Every structure is written in structure tokens, then in C-alpha cells.
Number of protein chains: 2
Amino acid sequence: MDRTGLTIAEAAAETGLTADTLRYYERGGLMLRPIPRAASGHRHYAESDLTWIRLITKLRSTGMPIRDVRRYTELCRAGDGNEAERLDLLRAHRQVVLARLAEVQDHLGAIDYKIGLYEDRLERPLRSTA
Amino acid sequence: MDRTGLTIAEAAAETGLTADTLRYYERGGLMLRPIPRAASGHRHYAESDLTWIRLITKLRSTGMPIRDVRRYTELCRAGDGNEAERLDLLRAHRQVVLARLAEVQDHLGAIDYKIGLYEDRLERPLRSTA
DNA sequence: TCTTGACCTGGAGCCCACTCCAGGCCTGAC
DNA sequence: GTCAGGCCTGGAGTGGGCTCCAGGTCAAGA
């Protein structure tokens, strides 16, 4: 009964991902290290693993493709010396996200306008053809 | 030589979509009306078609799934009387987009923080271990 | 001791939104 | 007239990101 680390189900609950997704990420090289196993082969997630998963979840949820997350992970795994490259990667992602945010906000404005038109129309239903 | 309307290639250039995507949207019921054809069977897009395509492009680019765009299209095609339903659909979409924007902004904040850490680290490269 | 249920793996399946043929017709410039 | 090139259709293929499954191992509570 070793108490070291969480089961995959617990890690899933903690991070908001599914166990399947956690395994998929690990297979895909998105973990900083292979998740340690008990003798039975069951994974035991440490707090540091959860911290990493939470980080890459933020990258993913802002639209970073898995291959870029993998690239970033590889850089981090490689240790000191490539910080400039990691910074480049994050900055490039930042630019993409900002552009995307601006576009969505712009288009949402147009949709809001449309919503306004319908609201007006529904407020005075009998005057619309007058 | 009728001058009525643009070819699919011109419509694609105007809207920023591809000809394939325009055909795919039409097949999928995302057009307000079937695009008129010349005797040869070639499509001729009117200005009103482009206006519609630009609208649904905004819906799509804010993340509305195709099935919802189709639903909205069907409502519009059905004519007057279902404005409340259209409004509901747009408002629901608006809520989803706002939630998504907030999430992305939040996560981007965390990424910005990370970027800041790397910037600090790279500014004083020899002091980082001191 | 038994049995329930979490976990394992490799691989197939799924959903979404396009994207790309092949095979054929049409048109317009030369 | 001819021929390059745009357009047509139905359908297959692609890429991304999971999601599910079969078949098997293992641990802990009744």
C-alpha cells in the first residue's frame, strides 16, 4: 500500500481530462517524463506531473497543436540551454492566440449586431411591416 | 455571355473560402438558396449569396459547428415567424463564445507569465544559478 | 477465497471539417 | 476548329484529437 502518487483516475479528475487522454498524451510524448509505475504496471502521478499536465492543458486550450506541445516538451526535457527556443515557441503561440482573439471578437461584434436587429424586431412585431 | 453573378472561383476569392468548401457548404444545406446555375450547370453567385456566405463564415470562425449553422440557415429559409428561435440560437452561441474567450484569455495570462519568466532568465543568464 | 472493478496495452473507430480525386462537360481565346 | 483550362458530380481520402474496445493482469474488501 504505497501512498506515492495518484491513480490515473484521480489524475484525470484533478486535471479535467479523461484517463484515455492522459494515456494518449503520454504515448504522444507530451509528458515531461514517463509516468512512474507501481510493480503492477499502474501509473502513479506525482504532483509535479499534474503541474505539467495543467500547463499543457492551457497550451492546448488556447489552440496549440499537439505537435507544438510535443516540441515544447522536448525542449523542456532537454534541460538548460534552450530557453531562447522555448521562449520563441511560446511567443509565436502568443501571437497566434492574440490574432485569433481579435478575429473572434471582431466577428462576435457582427453577430451581436445581428442579435440587436432581431431584438428590435421582436420588440415591435406589428410595426415591422408598417 | 450573361454577366449575372460570379463564378465559383470568384466567389471563393471574394469570401476567402475555397471552391471546394463553397460546394461542400451548399451540399450541406448552408446556403440560403441553391446557388443559381447557368445552362451549363455552372454556379453564378449573386451579391446576396456572398453576403450570406460572409455571415456564416463569421459564425464558423467563432466556432459554431456546421450543424448549428445549418439549423440557423433553415430558420432563415423558413421565412418570417421564427425570429425568436433565431435569436435564441444566436444568443446561445454568443454565450459559448464569451465563455471560450474568457477561458482563452485566462490561460493566455498564464502563458504570458511563463514567457516573463523565460525573459527574466535570459536577461541575466549568468546569474540564474548564483 | 472469491469477485468486483480499476488498470494495462495495442489498435480500431469516430467525429469534424474539409480536401482531393477521376471522369466528363463546356467555354472562350487563338 | 481546337484545345487549355474552369467547372461539374459523387465519392474517397486526410488530419487532428481524441474515444472506445477486447482481452488480460492485479489488488482489496466481503
Side-chain angles (χ1 to χ4, degrees), chain A residues 1-31 34-46 49 53 56-73 93 96 100 103-104 107, chain B residues 1-31 34-46 49 53 56-73 93 96 100 103-104 107:
Chain A
M1 187 201 281
D2 63 88
R3 284 249 145 280
T4 53
L6 300 112
T7 66
I8 196 167
E10 290 165 342
E14 279 296 315
T15 60
L17 301 176
T18 66
D20 271 318
T21 300
L22 288 176
R23 291 193 203 98
Y24 169 72
Y25 281 1
E26 186 173 351
R27 264 190 272 173
L30 271 55
M31 293 297 107
I35 303 300
R37 308 296 185 103
S40 63
H42 292 197
R43 293 170 177 82
H44 285 305
Y45 290 81
D49 296 317
I53 293 164
I56 66 170
T57 297
K58 289 190 203 332
L59 296 176
R60 289 286 307 116
S61 90
T62 51
M64 183 182 285
I66 283 194
R67 66 177 164 285
D68 291 359
V69 178
R70 176 159 45 235
R71 175 85 188 116
Y72 182 71
T73 304
H93 178 58
V96 169
R100 189 83 192 83
E103 187 197 4
V104 169
H107 289 178
Chain B
M1 187 198 282
D2 62 89
R3 286 248 143 282
T4 53
L6 300 113
T7 66
I8 196 167
E10 291 164 343
E14 279 296 316
T15 58
L17 301 176
T18 66
D20 271 319
T21 300
L22 287 175
R23 290 192 203 97
Y24 168 72
Y25 279 2
E26 187 173 350
R27 264 190 271 173
L30 272 54
M31 293 296 108
I35 303 299
R37 308 298 185 103
S40 62
H42 291 197
R43 293 171 178 81
H44 284 306
Y45 290 81
D49 297 316
I53 292 164
I56 65 170
T57 297
K58 290 190 205 329
L59 296 176
R60 288 288 305 119
S61 89
T62 50
M64 184 183 284
I66 283 198
R67 66 177 165 283
D68 291 358
V69 177
R70 177 161 42 236
R71 175 85 187 117
Y72 182 70
T73 304
H93 177 58
V96 169
R100 190 84 192 80
E103 186 197 5
V104 170
H107 290 177

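Bear in mind that the values here come from a model prediction, so they are computed numbers and not experimental data. Each chain gets a letter, A, B and so on, in the order its sequence line appears, and its residues count up from 1.
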* Candidate pair Leu17(A) and Tyr25(A), rule side-chain contact (heavy atoms from CB on, under 4.5 Å), full reasoning -> CA-CA 10 Å; Leu17(A) 301 176; Tyr25(A) 281 1; 3.9 Å; yes
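- Of the candidates Val96(A), Leu59(A), Ile56(A), Leu59(A) is the only one forming a side-chain contact (heavy atoms from CB on, under 4.5 Å) with Met64(A).
- Within the 4.0 Å cut-off from OP1 or OP2 of dA17(C), at least one side-chain nitrogen or oxygen of Arg60(B) is found.
- Under 4.0 angstrom from either OP1 or OP2 of dG17(D) there lies no side-chain N or O belonging to Arg70(A).
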* Using the side-chain contact (heavy atoms from CB on, under 4.5 Å) rule, take Arg60(B) and Ile66(B) through it: C-alpha gap first, then chi angles, then the decisive distance, then the call. => CA-CA 7 Å; Arg60(B) 288 288 305 119; Ile66(B) 283 198; 3.7 Å; yes
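- Atom CD1 of Ile53(A) is separated from atom C1' of dC18(D) by 16 Å (rounded to the nearest Å).
- Minimum heavy-atom separation, Ala12(B) to Ala19(B): CB-N, 3.8 Å.
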Pairs: protein N or O with nucleotides 20-27 of chain C N or O, under 3.5 Å:
unit_1  : atom_1 : unit_2   : atom_2 : d
dC20(C) : N4     : Asp20(B) : OD1    : 3.4

* Structure fact -> Taking Watson-Crick and G-U wobble contacts under 3.5 angstrom, with | marking pairs to another strand and [ ] crossing pairs, the secondary structure of DNA chain D is written ||||||||||||||||||||||||||||||
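- The separation between Arg43(A) atom CZ and dC8(C) atom P is 5 Å, rounded to whole Å.
- If you measure from atom CD1 of Ile8(A) to atom C1' of dT9(C), you get 12 Å, rounded to the nearest angstrom.
- Here dC8(D) presents its C1' atom at 15 Å from CD1 of Ile35(B), a figure rounded to the nearest Å.
- Each of dA17(C), dC18(D), dC7(C) was ranked by its minimum atom distance to the side chain of Tyr25(A); first place goes to dC18(D).
- Closest to the Thr18(B) side chain, of the nucleotides dT19(C), dA6(C), dC8(D), is dT19(C).
- Rounded to whole Å, the distance from OH on Tyr24(A) to C1' on dA12(C) is 14 Å.
- Rounded to whole Å, the distance from CG on Leu6(A) to C1' on dA6(C) is 15 Å.
- Taking each heavy atom of Arg23(A) and Ile8(A) in turn, the nearest pair found is CG-CD1, 3.5 Å.
- In this structure, the CD atom of Glu26(A) is 13 Å from the C1' atom of dC7(C), given to the nearest Å.
- At a threshold of 4.0 angstrom between heavy atoms, the contacts of Ala19(B) with the nucleic acid are absent.
- Between Ser61(B) and Arg100(A), the shortest heavy-atom contact is O-NH2, 2.6 Å.
- Here the closest non-hydrogen pair linking Thr57(B) and Ile53(B) is OG1-O, 2.7 Å.
- With rounding to whole Å, Tyr45(A) atom OH is found 12 Å from dC8(C) atom C1'.
- The two residues Glu10(A) and Thr7(A) make their nearest non-hydrogen contact at OE1-N, 2.8 Å.
- Of all heavy-atom pairs spanning His93(B) and Gly63(B), the tightest one is CE1-C, 4.1 Å.
- Residue Ile35(B) holds its CD1 atom at 5.0 Å from OH of Tyr45(B), rounded to the nearest 0.5 Å.
- For Pro65(A), counting side-chain heavy atoms from C-beta on, the closest listed nucleotide (dA17(C), dG17(D), dC7(C)) is dG17(D).
- Between Met64(B) and Thr7(A), the residue anchored closer to the 5' end of DNA chain C is Thr7(A), taking for each the nucleotide with the nearest heavy atom.
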